[in-house]
Amino acid sequence: MSHPIAHTPGRIAESPTEHALPSYLQSDNLGPWGIYLQQVDRVIPYLGHLSRWAETLKRPKRALIVDVPIQLDNGTVAHFEGYRVQHNTSRGPGKGGVRFHQDVTLSEVMALSAWMSIKNAAVNVPYGGAKGGIRVDPKKLSLGELERMTRRYTSEIGIIIGPTKDIPAPDVNTNEQIMAWMMDTYSMNEGATATGVVTGKPVDLGGSLGRRDATGRGVFTVGVEAAQHIGLDIASSRVAVQGFGNVGSVAARLFAQAGARIVAVQDHGGTIFREAGLDIPALLAHVAASGSVAGFAQAESLANDQFWDVDCDILIPAALEQQITALNAGRIKARMVIEGANGPTTPAADDILQDRNVLVLPDVIANAGGVTVSYFEWVQDFSSYFWSEDEINARLVRIMKEAFASVWEVARDKKVSLRTATFIVGCTRILHARELRGLYP
Ligand code: NAD
């Protein structure tokens, strides 16, 4: 069966949005939040009577900006800007990661929090959407500085997070250790250990088996499902991966284990290529030792821009937003793009890929494996009863397959892209909850 992509109503050129942006975003010139608003506009025609509530989706419920001052090792004081945005809590507490990156902005965190709302509803975990971040290059901090910054940020956002309010998790440049510090800081302030305040913790501190690999495993699971629909044989496929961190490296490993050749990998340090397929365990060891894929001996290096011309069947963006744009979408050779990253494809690029019959598995379903196992972790923490890794992986795969099948069906029935279909499923659930709860007061 051919994939269900069809022309979506309201195709929009990649130009500054006509939306009346809040004043603090007027200089932002589209950006991730503008992209999200365009994606919402595309789904409104499919929301029926719930479109009455659609404005809810275009406004974050709550956004907190915090100053994060820390003493550096040299005795001076540095200030960093931090954010926590709760986009929607109609279906449950806020849930979403924390990003440490030099390019983090409020607009970006708002968009990431909104995509969390859609994603959590699309896989039907009982959460709203939230996201946080600090505008910092963590690679320039010592371990002690990183810990002090994490703890001060946690204290500052402590007024809005909590196990039943909003539960952070790892994202770009944050990991299990940072979640451990966040859990400890929140717990010290509360006077009681609260493991359920964050997910993605070390297993020895209430973390879940399987969480580390969960997002990449979800990417792989939906990739295999979609490949069957378009008659693509994973075992003989060639895969290119952008981003070799938590998401990209696990996805690469699982595709390689399934027989695929990982022909190209790009990270912040450079781009590498090997027609015969990269040795992923060896590449993981190289990255662990050197911090980047650059300089890997068993591969040739490419100029970063050449990554988009690589001959491959599957392209996995697993780094940052707005990587696939109108400028490079026409060059992509893959038959399928699996969005491990959040927001990697602009709406104009979406249209170009659709016209070229490239199937896009959108972030809001493709990378939902992480939050799904975060949900398992949260449930395990509340019950203080922990499941086996096999049990977790089996439940994860079942949820991902079921969610993907429903989205595929909506895309086929309504003749829309998988992104619009996922937004239809997610937005309908969010707005139905909004309607049932009603407005207070
Ligand atoms: P990570 O910090 O573990 O890895 C990020 C990777 O991106 C690194 O390999 C880094 O070198 C690379 N990168 C950074 N800048 C780049 C650039 N300019 N060009 C190419 N590569 C670059 O982060 P992660 O957790 O793997 O997250 C990656 C993406 O997946 C993000 O969009 C994140 O929001 C999304 N995501 C993560 C999770 C999760 O559970 N960690 C869940 C869902 C979605």
Side-chain angles (χ1 to χ4, degrees), residues 32 95-104 108-109 111-116 118-120 122-123 125 129 131-133 137-139 168-179 198-201 207-208 210-219 222 240-253 264-272 283-284 286-288 290-294 296 302-308 315-324 328 338-345 361-377 396 400:
K95 183 93 192 77
V98 171
R99 177 174 298 193
F100 291 171
H101 195 274
Q102 59 275 18
D103 297 330
V104 164
E108 180 187 44
V109 178
L112 291 166
S113 72
W115 286 320
M116 287 310 299
I118 309 293
K119 184 185 309 176
N120 293 338
V123 291
V125 291
K131 202 87 181 191
D137 181 355
K139 293 185 174 66
D171 190 74
V172 174
N173 290 332
T174 56
N175 57 21
E176 292 177 7
Q177 176 61 73
I178 285 169
M179 293 306 114
V198 290
T199 57
K201 298 180 295 293
S208 178
R211 174 62 185 87
R212 201 176 295 166
D213 288 1
T215 309
R217 191 175 295 282
V219 164
V222 294
V241 185
Q242 185 198 42
F244 202 66
N246 178 274
V247 180
S249 71
V250 173
R253 197 188 79 222
V265 174
Q266 177 179 85
D267 75 1
H268 70 282
T271 306
I272 56 168
L283 182 58
L284 282 164
H286 172 80
V287 172
S290 74
S292 168
V293 300
F296 182 52
L302 296 182
N304 280 338
D305 189 55
Q306 282 182 284
F307 177 76
W308 306 107
L315 176 72
I316 306 177
L320 299 169
E321 301 90 57
Q322 287 175 262
Q323 297 299 303
I324 305 178
N328 58 21
I338 316 176
E339 294 185 338
N342 286 304
T345 312
L361 311 191
D363 47 9
V364 276
I365 187 81
N367 68 34
V371 75
T372 302
V373 175
S374 275
Y375 167 55
F376 298 160
E377 179 174 334
L396 166 66
M400 293 300 293

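Note that ligands are numbered from 1 as they come in the structure, with each ligand's atoms numbered from 1 the same way. One is the number of the first residue; the rest follow in order along the sequence.
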- Considering the heavy atoms of R211, write down every atom of ligand 1 situated less than 4.0 Å from one of them. 40 (O)
- Task: Distance to 0.1 Å, residue and atom name: give those for the protein heavy atom nearest to atom 30 (O) of ligand 1.
- Result: G340 O, 3.4 Å
- Task: Check step by step if side chain to side chain contact (heavy atoms under 4.5 Å, CB included) holds for S249 and L284.
- Result: CA-CA 8 Å; S249 71; L284 282 164; 3.7 Å; yes
- Item | Reported CG-to-CZ distance for the pair L396 and F376, which is rounded to 0.5 angstrom | 6.0 Å
- Message: To the nearest 0.5 Å, what is the distance between OG1 on T215 and CG on D363?
- Response: 12.5 Å
- Heavy-atom nearest neighbour of atom 42 (C) of ligand 1 within options V241, T199, T215: T215
- Item | Test ring pair (Phe, Tyr, Trp, His ring centres under 6.0 Å) applied to H286 - qualifying residues, sequence neighbours left out | F296
- Item | Separation between NZ of K139 and CZ of F100, rounded to the nearest 0.5 Å | 12.5 Å
- Task: Return a yes/no value for F244: is any of its N or O atoms, backbone included, closer than 3.5 angstrom to an N or O of ligand 1?
- Result: yes
- Note on the structure: Min over G96, A318, G243, A341 of heavy-atom distance to atom 28 (C) of ligand 1 lands on A318
- Message: Could you tell me, atom by atom, which parts of ligand 1 come under 4.0 Å of a heavy atom of L320?
- Response: 15 (N)
- Query: What atoms of ligand 1 come within less than 4.0 Å of a heavy atom belonging to R99?
  - Reply: 31 (C), 32 (O), 33 (C), 34 (O)
- Task: Over all heavy atoms of both residues, which pair between P344 and A341 is shortest? Give the atoms and the distance, please.
- Result: CD-O, 3.4 Å
- Classify the side-chain pair T174/R99 by whether it contains a donor and acceptor separated by less than 3.5 Å. no
- Message: As an exercise, identify every atom of ligand 1 less than 4.0 angstrom from a heavy atom of N367.
- Response: 43 (C), 44 (C)
- Query: Among protein heavy atoms, which lies nearest atom 27 (O) of ligand 1, and at what distance?
  - Reply: V172 CG2, 3.7 Å
- Does an N or O from E321, backbone or side chain, lie closer than 3.5 Å to an N or O of ligand 1? no
- Task: Kindly compute the distance separating CD (E377) from OG1 (T199), expressed to the nearest 0.5 Å.
- Result: 5.0 Å
- Task: Could you pull out, from A319, G291, A251, the option with a heavy atom nearest to atom 31 (C) of ligand 1?
- Result: A319
- Only one of K119, E321, E108 passes side chain to side chain donor-acceptor pair (under 3.5 Å) with N342, and that residue is K119
- Message: Tell me whether H101 has any N or O atom under 3.5 angstrom from an N or O of ligand 1.
- Response: no
- Query: Between H268, K119, K139, which one has a non-hydrogen atom sitting closest to atom 13 (N) of ligand 1?
  - Reply: H268
- For atom 34 (O) of ligand 1, the closest protein heavy atom turns out to be D171 OD1, 2.6 Å
- Note on the structure: Residues at least two apart in sequence or cross-chain that pass ring pair (Phe, Tyr, Trp, His ring centres under 6.0 Å) with Y375, listed by chain then number, are Y127
- Closest by any non-hydrogen atom to atom 6 (C) of ligand 1: pick that one out of G245, G216, P344. G245
- Out of V247, N173, D267, indicate the one that has the non-hydrogen atom closest to atom 21 (N) of ligand 1. D267
- Query: Can you tell me which residue and heavy atom of the protein come closest to atom 25 (O) of ligand 1, and the distance to 0.1 Å?
  - Reply: N246 CB, 3.6 Å
- D171 vs H101, side chain to side chain contact (heavy atoms under 4.5 Å, CB included): CA-CA, chis, key distance, verdict: CA-CA 10 Å; D171 190 74; H101 195 274; over 6 Å; no
